[in-house]
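To start, the structure itself, in structure tokens.
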Amino acid sequence: MFKVIKRLLLLIVILALAGTAVVYGVLTLSLPALDGKGQSSHVSNNVKISRDLLGQAVINANNRNDAAYGLGYAHGQDRFFQMDLLRRNAAGELSEFFGKAALGLDKKMRFHQLRKRSRAILQTLPKADKQLLKSYAQGVNEGLAQVGYASFEYLLTGGAQKPWQSEDSLLVIFSMYLDLQSATFERDQALIQIEQAYGQKMVEFLTQPSQYQAALDGSKLTPFTDDIPTLPVQAQRTVKNIQANQERGSNNWAVTGAHTQTGAAMLSDDMHLSMAVPVIWYRAQLNYTQNTKQFQITGVSLPGAPAIVVGSNNKIAWGFTNGYIDTADWIALNDDSKTWQVNEPIALPNNEVENYPLTLSEYGPVKYINKKPYALSWAAHKPYAVNMELVKLEQASTVDDALAIASNVGIPVQNLMVVDSKGNAAWKHMGGIPARKMPSELSVKTKQYSALFEQNENERPFVKNPQSGRLWTGNSRVVSAIDNSRFGNGGYALGARSSQIRDRLFEKQTFAESDFYALQLDNQARFLMPWHTLLLNQLKKDKSKNKQYISELENWQQCACASSVGYTLVKRYRSALINTVFASMENKLNEQIGTLKYVKRDLEPAIWQLLNTRPDSWVNPEYKNWDEQLSGAFNQTVTALKAEYGDNLQNWQWGKVNALNIEHPFAKQMPILAKFLNMPIAPGFGDSYMPAVQGKSFGASQRFIAQPGHLENAIMTVPGGQSGHPLSEFYRAGFSDYVEGKHTPLLPQTLIHQIIIEPAQ
């Protein structure tokens with residue numbers, strides 16, 4: 001009997017090994033060839049595609065179109081599935097892959113009709129831009145064809161690899177609009193619902209300016225000085241977790257050449273986005289000739305688009321943070337407003353189709369908010385939303401060149417920070433901005449609608465070489481208080497990050513790349529210090545009961561440090577108290593299919609005004625008074641932490657509670673694949689409201705620091721590898737540098753692979 005069991009076990013092991021070998025073999029077939037020669041009828045001269053030790057793609061070509069082909073080839077080899085998801089998400093075409101489970105998301109995206117808009121915009125582009133997109137698409141498709149076998153994602157879903165088209169690159173840019181700007185009109189919707197339920201005064205109270213204002217000119221917005229609105233009594237105030245919308249943000253800052261040893265200006269840029277496997281950015285260097293001039297541009301590209309998004313050509317360096325000015329308005333329709341309906345067919349597997357009825361108007365697509373029709377007028381819906389003007393930055397020689405380009409670039413509006421080798425530094429809005437002069441956070445009547453919404457704004461504020469020699473942005477208001485009324489609030493950050501960056505920049509007179517990197521990693525908890533004081537004072541009212549918590553708070557290190565339990569307590573306490581105080585408002589909005597989610601980060605000044613005055617109407621009926629409410633919020637905090645992490649306080653360390661866990665989308669659905677597909681879990685370092693932004697799967701999607709003319713010291717650290725293939729040598733390359741805070745060079749290192757594509761005879 002024992003021998004039979006032994007043989008069965010041996011057979012199971014052999015079958016498991018054989019199965020593993022088969023899976024490994026199938027996956028190996030889909031690995032791209034990174035060395036060799038090929039031919040293409042879509043290039044005019046030889047195109048060389050090299051990879052360095054990190055897998056960074058180095059493209060050498062004789063002209064820009066051939067360089068686009070080469071970049072597309074590399075993207076097609078390494079990132080096609082990621083590109084496919086980006087275009088399908090923007091177009092509302094995921095259901096064809098994932099079935100009815102994706103219908104809700106597809107309908108949400110079809111509301112914007114971005115596939116149709118991409119096709120329409122493509123037809124209006126200059127001939128040179130059309131050819132650039134065509135060359136890129138040809139490179140993508142031939143790079144994908146070289147791989148020969150579909151990647152494992154297609155094998156698991158049964159989906160087909162459809163060829164890349166020029167319009168798909170425009171969809172990829174639209175995907176960034178959805179990621180970076182949809183919170184603007186979602187926030188407006190929440191404010192409309194709050195106004196309808198509680199009145200205009202409540203809106204003003206909840207959105208009052210914070211004490212963390214860091215505009216470049218030092219201007220302050222008028223503070224809220226009215227009485228605190230009374231909150232209507234409700235019998236039920238169930239406390240819910242009000243999720244805060246993830247702040248698609250970023251930091252960037254710069255100093256002029258007067259503050260560096262080289263005399264060149266220096267730039268820092270780290271873009272904050274959700275992080276998954278593969279990471280959104282793709283390291284690349286383009287080398288090509290244009291009008292007899294040689295160009296070399298190094299940085300990160302967005303797979304699906306033929307441009308370097310952030311980087312340097314050694315004469316200038318540039319980076320972005322999300323602008324968060326107001327680019328959208330809800331138009332309140334009248335009974336006589338003309339509307340019509342169209343059907344958006346959504347493809348499902350097995351040739352099934354579901355029709356999604358979409359109501360349109362002359363102002364934009366229509367949505368019902370509290371049973372009333374509103375049309376969305378949004379910059380992303382306009383002809384100026386998307387174009388290829390960003391590519392012109394590659395050939396700019398000075399800050400002035402870049403500033404001249406900024407107004408015409410079709411991307412979601414960003415804070416462009418640009419520096420040059422001559423020591424100049426500047427900031428300006430880059431991207432699509434409606435030319436209408438009166439943005440509104442609430443609804444706009446049809447008679448107030450301005451036809452200027454259909455035009456791009458060319459007159460924009462900018463700052464060049466300020467007297468201090470320092471510039472900074474962090475998604476809060478950058479423009480002056482006067483310009484704020486013109487450009488509006490599209491969901492600005494509070495300004496805590498911007499203020500901390502600004503203050504750090506004034507602590508030194510001369511900076512090197514290492515100083516900027518240290519600032520990127522600054523996780524001092526300045527924003528939470530008042531909350532720490534509040535909680536500590538609250539707990540000291542019963543020292544014996546709260547002894548262990550008081551000890552952790554007194555040793556919290558004043559930072560979002562991995563070993564800090566006190567930081568976790570303060571962070572969770574703040575959230576629990578906000579949830580408690582605003583519970584009735586959240587519940588009422590939920591009844592109207594609304595939420596405070598998109599307004600939650602606005603609530604900081606309001607909650608402190610409530611804490612300082614303690615009005616009775618804002619006490620949750622669960623409690624008798626504010627003292628009980630404050631104590632109850634801490635009890636909720638402890639209860640939740642024990643439920644998630646157990647009774648041992650050492651498991652509440654911030655590094656464990658906020659551990660960085662960058663996952664592949666498929667691993668979330670099939671946890672058995674997690675070890676194979678995900679990046680290693682790393683201790684949490686950083687949080688919101690500080691320069692070192694980091695959540696569990698959110699944070700600095702790259703860290704870039706450069707002085708044009710001195711790129712040998714430039715840094716580009718990315719939290720993931722170049723390839724989307726789990727068996728690639730480049731799948732995790734660079735990740736360890738990121739979590740260890742190492743200075744990964746921007747410039748390519750030793751080249752180890754090379755493909756040459758020759759013109760077909």
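One-based numbering along the sequence shown.
In terms of heavy atoms, Thr637 sits closest to Ala576 at OG1-CB, 3.5 Å. When all heavy atoms are compared, the tightest approach of Phe704 to Gln520 is O-NE2, 3.5 Å.
Residues Gln181 and Thr327 bring a donor and an acceptor atom of their side chains to less than 3.5 Å of each other. There is a side-chain donor-acceptor pair under 3.5 Å between His75 and Ser301. Using a 3.5 Å distance cut-off with no hydrogens or angles, the side chains of Gln56 and Gln722 do not pair a donor with an acceptor. Counted by atom type alone, Ser723 and Gln77 present zero donor-acceptor pairs between their side chains at under 3.5 Å. When only modelled atom types and interatomic distance are considered, Thr207 and Glu441 share no side-chain donor-acceptor pair under 3.5 Å. Side-chain N/O atoms of Asn475 and Asn322 include no donor and acceptor closer than 3.5 Å. The closest side-chain donor-acceptor pair between Tyr282 and Asp78 falls under 3.5 angstrom. There is a side-chain donor-acceptor pair under 3.5 Å between Thr595 and Glu586. Trp427 and Thr473 form no side-chain donor-acceptor contact under 3.5 Å, judged by distance and modelled atom types alone.
Here the side chain of Gln694 pairs a donor or acceptor atom with the backbone of Asn658 at under 3.5 angstrom. In this structure, the side chain of His532 engages the main chain of Leu553 through a donor-acceptor pair within 3.5 Å. Checked by atom type and distance alone, the side chain of Gln558 never pairs as donor or acceptor with a backbone atom of Trp556 at under 3.5 Å.
In this structure, Tyr549 has its ring center under 6.0 Å from that of Phe634.
Remark: Arg51 is not positioned above the aromatic ring of Phe730, lacking an NZ or CZ atom under 6.0 angstrom from the ring centre and at most 45 degrees off the axis. With Tyr324 as the aromatic partner, Arg601 meets the cation-pi criteria of under 6.0 angstrom to the ring centre and within 45 degrees of the ring axis. Within the cation-pi definition used here (under 6.0 Å to the ring centroid, within 45° of the axis), Arg497 does not qualify as a partner of Tyr689.
At a threshold of 4.5 Å between non-hydrogen side-chain atoms, the residues Phe735 and Val279 do not count as touching. Side-chain contact between Phe527 and Leu494 is present, with heavy atoms from C-beta onward closer than 4.5 Å. Residues His743 and Tyr517 meet the side-chain proximity criterion, which asks for heavy atoms closer than 4.5 Å. At a threshold of 4.5 Å between non-hydrogen side-chain atoms, the residues Leu393 and Met430 count as touching. Considering only heavy atoms from C-beta on, Trp281 comes within 4.5 Å of Leu273 through its side chain. Proximity of Asp602 to Arg187: side-chain heavy atoms (C-beta onward) are separated by under 4.5 Å at one or more points. For the pair Asn251/Asp269, no side-chain contact is recorded, criterion being any heavy-atom separation below 4.5 Å from C-beta on. Counting only heavy atoms from C-beta outward, the side chains of Thr184 and Tyr598 never approach each other to under 4.5 Å.
A salt bridge does not link Asp106 to Arg88: none of the charged nitrogens lies less than 4.0 Å from a carboxylate oxygen. We find that Arg283 and Asp52 are not joined by a salt bridge, their nearest charged nitrogen and carboxylate oxygen being 4.0 Å or further apart.
Remark: Gln243 CD is loosely packed, at most 12 non-hydrogen atoms of other residues, nucleotides or ligands lying under 6.0 Å away.
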What pairs of donor and acceptor atoms, side-chain ones from residues 660-686 against any protein atom, are under 3.5 angstrom apart with sequence neighbours left out?
from: His664; atom 1: ND1; to: Phe666; atom 2: N; distance (Å): 3.0
from: His664; atom 1: NE2; to: Glu153; atom 2: OE2; distance (Å): 3.3
from: Asn678; atom 1: OD1; to: His664; atom 2: N; distance (Å): 2.8

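Counting only residues at least two apart or in different chains, side chain to side chain donor-acceptor pair (under 3.5 Å) contacts with residues 564-576 comprise Tyr567-Asp687, Lys571-Asp687, Arg572-Glu644, Arg574-Glu604, Ser575-Lys600.
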Point to revise | Working for side-chain hydrogen bond (donor to acceptor under 3.5 Å, both in side chains), residues Ser476 and Gln213 | key: CA-CA 8 Å; Ser476 58; Gln213 296 188 50; over 6 Å; no
Practice item. Take Gln557 and Ser563 through the side-chain hydrogen bond (donor to acceptor under 3.5 Å, both in side chains) test and state the conclusion after the steps. Key: CA-CA 9 Å; Gln557 305 172 61; Ser563 61; 3.0 Å; yes
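When the side-chain contact (heavy atoms from CB on, under 4.5 Å) test is applied to Ala91, the partners found at least two apart in sequence or on another chain are Glu93, Arg115, Leu171. Annotation: salt bridge (Lys or Arg N to Asp or Glu O under 4.0 Å) contacts of Asp522 (sequence neighbours excluded): Arg504. Every residue two or more places apart in sequence or in another chain that forms a salt bridge (Lys or Arg N to Asp or Glu O under 4.0 Å) with Arg87 is listed here: Asp84, Asp168. With sequence neighbours excluded, the residues satisfying salt bridge (Lys or Arg N to Asp or Glu O under 4.0 Å) with Lys742 are Glu740.
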